[in-house]
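In each ligand, atom 1 is the first atom listed, and ligand 1 is the first ligand listed. Since the model is a prediction, treat every value here as computed from it, not as a measurement.
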Amino acid sequence: MNLQANSKEIFLLIKNLVSIPSPSGHTRKVIDYCEQYLQGLQLEMKRNRKGGLLITIPGKVTNQHRMLTAHVDTLGAMVKEIKPNGRLKLSMIGGYRWNSVEGEYCEIETETGKTYTGTILMKQTSVHVYKDAGDAKRNEDNIEVRIDERTESAEETSKLGINVGDFVSFDPRVQVTESGYIKSRHLDDKASTAILLRLIKWIQENGVELPYTTHFLISNNEEIGYGGNASISPETVEYLAVDMGALGEGQASDEYTVSICAKDSSGPYHYGLRKHLVQLARENKIDYKVDIYPYYGSDASAAIRSGFDIVHGLVGPGIEASHAFERTHETSLINTEKLLYAYLLSPITTI
Ligand SMILES: [Zn+2]
């Protein structure tokens with residue numbers, strides 16, 4: 001059964017996913033959403049203790065398994081302290097630069113689930129007041145949250161129910177353009193999650209038989225380094241992380257192809273699996289790029305580090321300006337989806 005590309009459906013799924021706040025450590029709502037999306041498809045689904053969602057589709061061969069993972073946790077922040085002026089000091093969740101969130105709208109969620117809106121600002125923002133507004137260092141000491149409530153003291157902010165440890169999420173500002181781009185925060189890695197969810201649905205609805213029992217893990221701690229490094233069945237031979245391709249000067253990846261990672265900070269990915277993915281792309285006329293990501297780790301490398309004896313790989317859509325003002329094009333999403341589908345139906349050739 002040929003997969004029918006449907007970028008509208010992928011865009012809608014991505015929009016829904018990025019609109020649910022899910023900084024690492026606070027991902028239950030988005031995992032609920034993923035589970036609901038797959039509801040009614042007669043799937044074997046369970047949550048692991050870390051809160052990730054594991055979906056299993058039995059295949060023809062049951063003693064050799066495959067596993068694919070994408071992560072739904074995102075960058076975010078936590079209230080580090082309430083400042084004497086009532087504003088909030090932040091502690092980062094995940095790795096980014098403060099300048100990439102400066103000026104961003106945010107949401108603070110209290111322990112009781114009440115939410116407040118705010119804006120992430122440099123304390124030296126007003127050029128009418130601060131001579132060093134442009135040059136002041138963008139760091140934890142100068143970045144603060146201006147809450148959209150009347151508060152001028154730590155006491156008043158505390159009365160709102162805001163406390164140290166509350167999660168802060170960034171406004172995704174998602175937009176789909178006529179020219180086929182999707183611009184949003186958190187395309188890393190909700191774009192890949194959307195692709196996996198749609199593939200699972202397609203397989204089930206069309207009664208596609210997979211050659212091997214295949215597990216799909218929607219992981220929820222990748223940005224902090226220990227996402228998909230558990231819940232791996234002992235029969236798992238191949239473990240493929242589906243995560244963003246990194247773009248920038250000197251990078252081969254772009255916003256139009258599927259990026260196949262040869263090596264990242266953790267070292268080379270499994271050569272045999274990489275070659276298999278490249279061959280599948282060629283055979284199926286899927287536009288791809290092989291690339292190296294200089295400052296990068298994935299759920300697959302985390303699994304290797306945790307001691308699993310698996311064949312590991314990494315593919316994904318090319319995401320521009322990652323961990324900041326992200327963007328990709330529908331062609332990259334579709335090429336990724338096509339390659340994953342071809343892979344799921346292909347034989348294990350790596351051992
Ligand atoms: Zn990331």
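Distances shorter than 2.8 Å separate the Zn ion (ligand 1) from the protein N/O/S atoms D188 OD2, E223 OE1, E223 OE2, H323 NE2.
With hydrogens and angles disregarded, a donor-acceptor distance shorter than 3.5 Å links the side chain of S158 to the backbone of A154. Side chain of Y239 to main chain of G228: a donor-acceptor pair is present (N/O by atom type, distance under 3.5 Å, no hydrogens or angles).
For D135, there are no salt bridge (Lys or Arg N to Asp or Glu O under 4.0 Å) partners two or more places apart in sequence or in a different chain. Residues satisfying the salt bridge (Lys or Arg N to Asp or Glu O under 4.0 Å) test with K183, not counting sequence neighbours, are none.
Summarising the hydrophobic clusters (Ile, Leu, Val, Met, Phe, Trp, Tyr; side-chain heavy atoms under 4.5 Å, direct or chained), the residues clustered with W98 are L75, V79, I82, L88, L90, M92, Y96, V101, I108, Y116, I120, M122, I143, V145, I147, L160, I162, V168, F170.
Of the charged side-chain nitrogens involved, none lies within less than 4.0 Å of a carboxylate oxygen, so that E144 and K89 do not count as a salt-bridged pair.
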